[in-house]
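All remarks here apply to the structure that follows.
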Amino acid sequence: MVATTENPNTEAKQRVFDLMLTFVKSQCLYVATRIGIFNLLDDKGQQSVEDLAQQTNTDPERLYFILRALAHVDVLEEKPDRIFAPTDTSKLLVTNKAPSAGHLAMHLIEPAQWDAWKILPEALEKGVVPFELANGKGVYQYCYDNEWSKDTFINAMSFLTGSQVDGLLEAYDFSQYDTVMDVGGGQGGLIASIVKRYGCKGVLFDLPDVTSTAKDYISGQGVNPDAIEIKTGDVFESVPKGADAIVMKHFISAWSDDDAMKILANCKAALPKEGRLVLLQSFVPDIDEPKTEADGIMPGIFAVQINVATPGGGWRTKKQFQILFEKSGFKLERIVKTNNSLSVMEFSLA
Ligand SMILES: C[S@@+](CC[C@H](N)C(=O)[O-])C[C@H]1O[C@@H](n2cnc3c(N)ncnc32)[C@H](O)[C@@H]1O
């Protein structure tokens, strides 16, 4: 039987309704991004739902429900006669120009991710990684085996890096290092920005599926690709030597404590005695800290997504990361906050 309350708290009721229907907003956002609605509106300006349906090969009546809902949450503007116009929000979701929030939305909400959420109760019972239970392989392997997912994932990561890097470089000074290596650095957006700003040498280390396009991406950032050595490999086998600083951005958080400790042991073996490991990460707030960061990210919510998708990890609190690194032979030197959800934890070798 459903419990009732005589004087239900209106605000609490509104919150419950909003929470239970939040998936509808996510799905509308996903499908509109995926079929290119925001690209069409950005390229050609406001259009009728019939024109949009014709260009996306979709049914106009069904599409109207979705676009109207997106207008209700201010992603689009609806005008008389079923005309839809772009907004500042929809411009962020354009995917045919550069890595954007649209790529991140498509990566986070793509069907393979959704399948993981569908079987969450079973995964919880079994204590296994939901994405792997649903898809039979890990999220990186899945993305790299599927061209669309790979392209979307790589662009999603490049977007996140691009949106956070200016704040990072304002807050943390990399000029103290000769050679910086980005481990799990994706297409190289972060290392390109560090090299461009500080003139140090750079190394990018990642799996071959990503590094194969890194040179072009780095050139596209206005950085001489020869300034960055691209190294391909598996962090569980070894980490290349030669850098006095290793940065890891939103990388170690994908792994369980046991796997993270193996990775950290390989990083330690690669660093010189005076080297530094610079962890770049969003931290889940402690109970007395604000829950939402300046860029709107709620790390405690994002942590669940990471935990559902990745091979055993999840964003952690500062204290949890500190304990993990100390167990792996590192010593916390300092924590630096940026103007967005990314923070820095700098570690020396203990
Ligand atoms: C969540 S993404 C983060 C990318 C980038 N650091 C950023 O913040 O945009 C994790 C990265 O780790 C890489 N990766 C996953 N497993 C790896 C492994 N075993 N060895 C090296 N890189 C790996 C992936 O290819 C991907 O580029």
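All values derive from a computational prediction rather than experimental measurement. Read the numbers this way: they start at 1 and go in the same order the structure lists the ligands and their atoms.
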Q: Name the closest protein heavy atom to atom 5 (C) of ligand 1, giving the residue it belongs to and the distance to 0.1 Å.
A: G184 O, 3.3 Å

Q. Of all residues at least two apart in sequence or in a different chain, which pass the ring-ring contact (aromatic ring centres under 6.0 Å, His included) check with H103?
A. none

**Q.** Donor-acceptor side-chain pairing of Q281 and K318 below 3.5 angstrom
**A.** no

Q: Step through the shown structure and confirm whether more than 12 heavy atoms of other residues, nucleotides or ligands are within 6.0 Å of CZ on F65.
A: no

Q: Determine, using heavy atoms of T161 and all atoms of ligand 1, whether some pair is separated by less than 4.0 Å.
A: yes

Q) Do the rings of Y142 and F131 sit parallel, tilted or perpendicular, given the 30° and 60° boundaries? A) perpendicular

Q: Mark up the atoms of ligand 1 that fall under 4.0 Å of a heavy atom belonging to Y144, in ascending order.
A: 24 (C), 25 (O), 26 (C), 27 (O)

(Q) I'd like to check whether D206 has a polar contact with ligand 1, where a contact means an N/O of the residue lying under 3.5 Å from an N/O of the ligand. (A) yes

Q) What are the atoms of ligand 1, with element, lying closer than 4.0 Å to any heavy atom of D234? A) 18 (C), 19 (N), 20 (N)

Q.
Over 60° means perpendicular and under 30° means parallel, so tell me whether F321 and F283 are parallel, tilted or perpendicular.
A. perpendicular

Q) Side chain or backbone of V210 under 4.0 Å from ligand 1, or both, or neither, by non-hydrogen atoms? A) side chain

Q. Hey, do the aromatic rings of W315 and F302 have their centres closer than 6.0 Å?
A. yes

Q | Which residues share a salt bridge (charged side-chain N to carboxylate O under 4.0 Å, His left out) with K268, sequence neighbours left out | A | none

Q. Should you measure from each heavy atom of G186, which atoms of ligand 1 turn up under 4.0 Å away?
A. 27 (O)

Q) Is K319 atom NZ crowded by more than 12 heavy atoms from other residues, nucleotides or ligands, each under 6.0 Å away? A) no

Q: Indicate yes or no: does an N/O atom of V235 lie under 3.5 Å from an N/O atom of ligand 1?
A: yes

Q: Look at the aromatic rings of Y144 and Y140 and report parallel, tilted or perpendicular, splitting at 30° and 60°.
A: parallel

(Q) For atom 14 (N) of ligand 1, what is the closest protein heavy atom, and at what distance to 0.1 Å? (A) F251 CE1, 3.6 Å

Q: Please could you name the atoms of ligand 1 that G233 approaches to less than 4.0 Å, counting only its heavy atoms?
A: 20 (N), 21 (C)

**Q.** Shortest protein heavy-atom distance from atom 10 (C) of ligand 1, along with the residue and atom involved
**A.** Y140 OH, 3.4 Å

Q. Can Q46 and E77 be counted as having a side-chain donor-acceptor contact under 3.5 angstrom?
A. no

Q) What residue and heavy atom of the protein are closest to atom 8 (O) of ligand 1, and at what distance? A) K249 NZ, 2.9 Å

**Q.** Residue portion contacting ligand 1 (non-hydrogen atoms closer than 4.0 Å) for W255
**A.** side chain

Q: Do me a favour and list the nearest non-hydrogen protein atom to atom 18 (C) of ligand 1 with residue, atom name and distance?
A: L207 CD2, 3.6 Å

Q: Please identify which atoms of ligand 1 are closer than 4.0 Å to at least one heavy atom of H250.
A: 1 (C), 3 (C)

